[in-house]
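Since we're looking at a predicted model, the values are computed, not measured. Any value given below was found using the heavy atoms of this structure, including those in side chains, with hydrogens, waters and symmetry copies removed.
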Amino acid sequence: MPSMLHKELSERSASRGTYWLRLGNAVILLGLILHLRSVGFSDQGSGEALFALASWIQWIFTLVLVPLTMGGIAVEKERGSWPLLRLTDLRPAEIVWQKYAAGLVPACASVLLILPAGALCYGLGGLESRDVFLTILVLGLTACQVGALALLASVLCESTRGAFLLTLVLVAACTLAPTPHWSTYHLLQQVGELRGMGVWPLTSICLTSLLIVFLAQWRVHRESLSQLFRRLVRPHRAARKQLTEEDVVGLVQYPVAWRELTRRSICRRESVRRLALLGAAVVIVYAIWAASNRVISTRQSMALLMGILWATTALLVTVQAAGLIVTERSDQTLEILLTTPLDAVSIVKQKAQAVWQLGLACSVWIIVGALASVCVRSDLLWWVYLPCTYVGILLYLPLTHWIGFIIGSRARNHTRALFLSMAAVGVIHGVPFVFNTLVGSQGWHLFLSPALVIASNEAVFSQADLRLVAVIVFIHFPLVGGLAMLLRHLALHHANQWLGRPTASVWTDPEGAPRVREDPF
């Protein structure tokens with residue numbers, strides 16, 4: 001077995017997260033299939049519809065899980081071992097292709113979970129074995145395509161967080177492609193017709209994946225060793241640059257916040273301003289297009305835009321908050337940071353300022369989008385819509401931030417921090433739906449979900465729905481605010497313990513003089 005492939009597979013087999021990801025995928029997929037089979041798909045001949053639903057669920061899992069397991073080169077860059085790896089006898093082509101093959105092994109294992117789901121659906125009838133194998137083929141092509149995009153993103157980015165976000169953007173671009181020759185989304189919609197379509201769509205996706213991997217290989221080959229080693233000393237050169245008066249004041253008063261805001265390019269003030277202005281311009285242009293478009297209704301297009309803005313904001317805040325502490329651990333700088341005179345609470349608060357800068361830019365998008373919706377939609381009750389949107393910004397963003405921060409401060413690597421943080425945010429949004437499924441009744445408890453509140457707000461509250469508005473204002477918002485304050489209190493109260501900083505305790509020596517000693521526990 002090639003050396004790099006053996007190293008990657010050995011590391012993955014020794015990691016418990018590899019098996020937890022597969023176990024979680026299998027439990028959710030098979031548990032949902034069993035539940036739907038006993039509730040809504042119990043008739044004879046409904047196996048095809050149930051298997052189609054299982055295929056879409058596994059397709060979404062593939063889009064999310066494969067980027068989490070394909071950040072091999074970005075991980076090497078974070079460890080500082082990428083220049084050393086380039087000094088070995090391995091050629092760039094060997095490194096890239098072996099990293100790609102190592103990432104596809106857990107992806108293929110995840111794709112094969114559709115087989116037991118197909119066996120459960122086959123007993124209901126209406127499902128042919130050809131559809132099962134074609135679905136496995138389409139899911140395998142999805143894993144290959146998403147894996148290639150994730151590999152290219154890990155080559156272009158310096159961190160796993162940036163690679164993950166760039167991968168999601170590239171995957172969204174491929175998914176929205178209007179032709180099945182580029183997107184597996186269209187292939188999965190037409191599984192029953194693939195035999196009549198021929199092999200060209202399948203071949204084109206394979207060629208596209210190979211082309212992306214060759215592009216990543218060319219990028220690695222083009223990067224010289226001098227560039228790699230200059231990247232290692234770049235932070236030291238940046239630290240020796242001439243500081244402005246504002247930088248000096250920030251460095252003296254808030255050193256950790258200054259370090260975060262200058263180190264993270266996406267959180268710098270210039271980047272935040274550009275991001276906010278660019279996002280606001282895109283929202284305004286889209287609103288003008290939606291108001292003049294006659295094919296899709298303005299209500300649907302603006303609701304879709306607001307949903308994308310909320311999802312993007314939650315994703316960015318979660319990813320940034322989850323990486324605040326785990327980045328220090330991976331860079332082996334957390335111990336140095338804890339030796340400073342700053343207490344752990346001050347460190348946590350100053351680190352949070354980087355996320356607040358990014359959240360401010362995302363809030364501008366949502367605020368401009370809400371105002372544009374009021375201007376172009378005549379069915380909105382603005383005196384209900386705008387307050388619910390703005391109060392949601394004030395409550396949902398801190399909630400998302402503290403969830404990501406708490407999980408990230410407890411995690412030991414970026415992949416685990418990202419996955420667990422997104423899973424926790426998904427649980428907050430999905431628990432009311434699970435409870436509704438178990439109870440079997442439509443009740444006000446559904447409005448405990450932030451996602452449903454946002455969707456209901458975009459779907460327009462009428463005069464008859466003021467009771468639901470009262471439930472949201474007097475029950476949902478106080479609960480979300482209380483939960484955010486509770487998580488903030490836990491993060492600050494346990495800051496010393498979660499960051500690994502020993503607390504000081506005062507004791508008296510035999511002579512009666514007070515002493516301070518470090519408590520190892």
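Checked by atom type and distance alone, the side chain of Thr298 pairs as donor or acceptor with a backbone atom of Ala290 at under 3.5 Å. Here the side chain of Arg329 pairs a donor or acceptor atom with the backbone of Ala411 at under 3.5 angstrom. In this structure a side-chain-to-backbone donor-acceptor pair under 3.5 Å is present from Ser409 to Ile406. Remark: the backbone N or O of Leu342 is not paired with any side-chain donor or acceptor of Ser346 at under 3.5 angstrom. The closest donor-acceptor contact from the side chain of Tyr100 to the backbone of Ile95 lies at 3.5 Å or more, if one exists at all. Although no hydrogens or angles enter the test, the distance criterion places a donor-acceptor pair under 3.5 Å between the side chain of Thr339 and the main chain of Ile336. One N or O on the side chain of His429 and one on the backbone of Ala451 form a donor-acceptor pair closer than 3.5 Å.
Annotation: side chain of Trp498 is in contact with side chain of Leu490 (closest heavy-atom distance under 4.5 Å). Counting only heavy atoms from C-beta outward, the side chains of Lys99 and Glu76 approach each other to under 4.5 Å. A 4.5 Å side-chain heavy-atom check between Ile428 and Leu483 finds at least one atom pair inside the cut-off. Counting only heavy atoms from C-beta outward, the side chains of Ile325 and Arg410 never approach each other to under 4.5 Å. For the pair Ile366 and Thr313, the minimum side-chain heavy-atom distance is below 4.5 Å. Proximity of Leu139 to Phe61: side-chain heavy atoms (C-beta onward) are nowhere separated by under 4.5 Å. The closest side-chain heavy-atom distance from Met422 to Leu315 is below 4.5 Å. Between Val326 and Arg416, every side-chain heavy-atom pair lies at or beyond the 4.5 Å cut-off.
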- Task: Show the numbers, then the answer: is there a side chain to side chain contact (heavy atoms under 4.5 Å, CB included) between Leu386 and Leu371?
- Result: CA-CA 8 Å; Leu386 290 180; Leu371 293 175; 4.3 Å; yes

- Task: Go through the steps to decide whether Leu304 and Ser301 satisfy the test side chain to side chain contact (heavy atoms under 4.5 Å, CB included), and finish with yes or no.
- Result: CA-CA 5 Å; Leu304 177 62; Ser301 56; 5.7 Å; no

- Query: Which is it for Glu458 and Arg377 under the salt bridge (Lys or Arg N to Asp or Glu O under 4.0 Å) test, yes or no, and what are the steps along the way?
  - Reply: CA-CA 11 Å; Glu458 297 298 329; Arg377 292 177 59 179; 3.8 Å; yes

- Task: Go through His401 and Leu324 one step at a time and tell me if the side chain to side chain contact (heavy atoms under 4.5 Å, CB included) criterion holds.
- Result: CA-CA 11 Å; His401 163 73; Leu324 289 177; 4.1 Å; yes

- Query: Given Tyr286 and Trp289, is the ring-ring contact (aromatic ring centres under 6.0 Å, His included) satisfied, shown in steps?
  - Reply: CA-CA 5 Å; Tyr286 184 89; Trp289 172 82; 5.4 Å; yes

- Please test His493 against Arg488 for side chain to side chain contact (heavy atoms under 4.5 Å, CB included), starting from the C-alpha separation and ending with a verdict. CA-CA 8 Å; His493 181 71; Arg488 180 181 182 275; over 6 Å; no

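Annotation: the span from Leu152 atom CG to Trp218 atom CH2 amounts to 10.5 Å, rounded to 0.5 Å. A distance of 9.0 Å separates SG of Cys375 from CE of Met302, quoted to the nearest 0.5 Å. Interatomic distance, Ile367 CD1 to Cys362 SG, rounded to the nearest 0.5 Å: 11.5 Å. One distance of note links CH2 of Trp356 with CG of Leu397; it measures 7.5 Å at 0.5 Å rounding. To the nearest 0.5 Å, the span separating SG on Cys388 from CG on Asn457 amounts to 5.0 Å. Distance OG/Ser209 to CG/Leu141: 7.0 Å, rounded to 0.5 Å.
Listed here is the closest heavy atom pair of Tyr385 and Val374: CD2-CG2, 3.9 Å. Closest heavy-atom contact between Gly481 and Leu395: CA-CD2, 3.8 Å. Shortest non-hydrogen contact noted between Ala417 and Ile407 is O-CG2, 4.2 Å. Residues Ala143 and Leu104 approach most closely at O-CD2, 3.8 Å, considering heavy atoms. Between Ala495 and Ala344, the closest heavy-atom pair is CB-CB, 3.7 Å. Between Pro387 and Trp382 the shortest heavy-atom distance is CD-O, 3.5 Å.
Partners of Leu170 under the side-chain contact (heavy atoms from CB on, under 4.5 Å) rule, at least two apart in sequence or in another chain, are Leu149, Leu166. Thr142 pairs by the side-chain contact (heavy atoms from CB on, under 4.5 Å) definition with Trp59, Thr62, Leu63, Val138, Val146, Thr184, not counting sequence neighbours.
Partner Leu316 forms a side chain to side chain contact (heavy atoms under 4.5 Å, CB included) with one of Leu358, Val355, Thr400 and no other, that one being Leu358.
Between Thr333 and Glu328, the side chains place a donor N or O and an acceptor N or O closer than 3.5 Å (distance only, hydrogens not considered).
Taking the six-membered ring where tryptophan is involved, the planes of His476 and Tyr396 are perpendicular, since the angle between them exceeds 60° and thus also 30°.
Within a 6.0 Å radius of CH2 in Trp56, more than 12 heavy atoms belonging to other residues, nucleotides or ligands are found.
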